[in-house]
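Everything on this sheet refers to the single structure shown next.
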Amino acid sequence: MFKNALRTFRFMGLLEGGSLLILLFIAMPLKYLFEFPEAVSIVGPIHGALFSVYILITIYMTFIFRWPFRFSIGAVASAFLPFGNFILDKRLESWQQLRTSVA
């Protein structure tokens, strides 16, 4: 059960991180450099919905799997940084490999 929940969390983090990069590096330049505000009107709500789901999954993982509170704060903070979720995913991958090799 933990493995599937962690996989879901990692997938959602990558999805949310990807949507942030699309918003910042594609939609925002289209809006401000090429006067195409519809790009942000489309990508913005999608990113907002993915961010909301990511936060809910982070809360779920914190309470159900008893993650340390500082780790949960770090997971939320990584969602605000470009490439933050990708760095978090690499750390979770190495943590998961370490956990399976010890067990």
Side-chain angles (χ1 to χ4, degrees):
M1 181 172 172
F2 182 75
K3 189 174 181 179
N4 289 336
L6 186 61
R7 184 179 303 134
T8 302
F9 175 76
R10 289 179 60 202
F11 175 74
M12 201 61 224
L14 292 175
L15 207 59
E16 192 278 330
S19 72
L20 176 63
L21 293 178
I22 291 170
L23 181 64
L24 291 178
F25 297 118
I26 295 175
M28 297 293 280
L30 284 173
K31 179 179 179 178
Y32 290 109
L33 297 176
F34 300 106
E35 298 179 8
F36 186 66
E38 291 82 13
V40 173
S41 299
I42 294 168
V43 177
I46 293 170
H47 169 69
L50 290 172
F51 179 77
S52 298
V53 172
Y54 176 77
I55 295 299
L56 290 174
I57 290 175
T58 303
I59 292 168
Y60 175 78
M61 295 294 281
T62 300
F63 288 109
I64 300 301
F65 293 105
R66 298 183 183 176
W67 276 1
F69 187 68
R70 66 184 174 142
F71 181 80
S72 300
I73 293 297
V76 170
S78 71
F80 288 96
L81 303 172
F83 303 102
N85 277 329
F86 298 101
I87 295 168
L88 178 66
D89 182 63
K90 288 296 179 190
R91 289 192 174 188
L92 284 173
E93 182 181 22
S94 63
W95 176 74
Q96 187 178 12
Q97 288 175 355
L98 178 68
R99 184 180 162 107
T100 56
S101 67
V102 170

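In this view, Phe71 and Trp67 satisfy the ring pair (Phe, Tyr, Trp, His ring centres under 6.0 Å) rule, not counting sequence neighbours.
The side-chain contact (heavy atoms from CB on, under 4.5 Å) with Phe9 is formed by just one residue from the set Asn4, Leu88, Asp89; it is Leu88.
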Scan the side chains in residues 33-57 for donor-acceptor partners under 3.5 Å anywhere in the protein, sequence neighbours excluded, and list what turns up.
| unit_1 | atom_1 | unit_2 | atom_2 | d |
| --- | --- | --- | --- | --- |
| Ser41 | OG | Pro37 | O | 3.3 |
| His47 | ND1 | Ser19 | OG | 2.8 |
| Ser52 | OG | Gly48 | O | 3.0 |
| Tyr54 | OH | Ala75 | O | 2.9 |
| Tyr54 | OH | Asn85 | OD1 | 3.2 |

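Residues Val76 and Ile64 share a hydrophobic cluster, clusters being chains of Ile/Leu/Val/Met/Phe/Trp/Tyr side chains in contact below 4.5 Å. Residue Phe65 is grouped with residue Leu6 when hydrophobic side chains (ILVMFWY) are merged at heavy-atom distances under 4.5 angstrom, including chains of intermediate members. Linking ILVMFWY side-chain heavy atoms closer than 4.5 Å, directly or via other members, places Leu23 and Phe83 in two distinct hydrophobic clusters.
Listed here is the closest heavy atom pair of Gly18 and Phe86: N-CZ, 3.8 Å. The nearest pair of heavy atoms linking Leu24 to Pro82 is CD1-CG, 3.7 Å.
The structure places CD1 of Ile22 at 11.5 Å from CG of Leu30, a figure rounded to the nearest 0.5 Å. Atoms CG and CE, from Leu92 and Met61 in turn, are 8.0 Å apart once rounded to the nearest 0.5 Å. Taken from CZ in Arg10 to NZ in Lys90, the straight-line distance is 8.0 Å, to the nearest 0.5 Å.
With contacts defined as side-chain heavy-atom distances shorter than 4.5 Å, the pair Leu15/Met12 qualifies.
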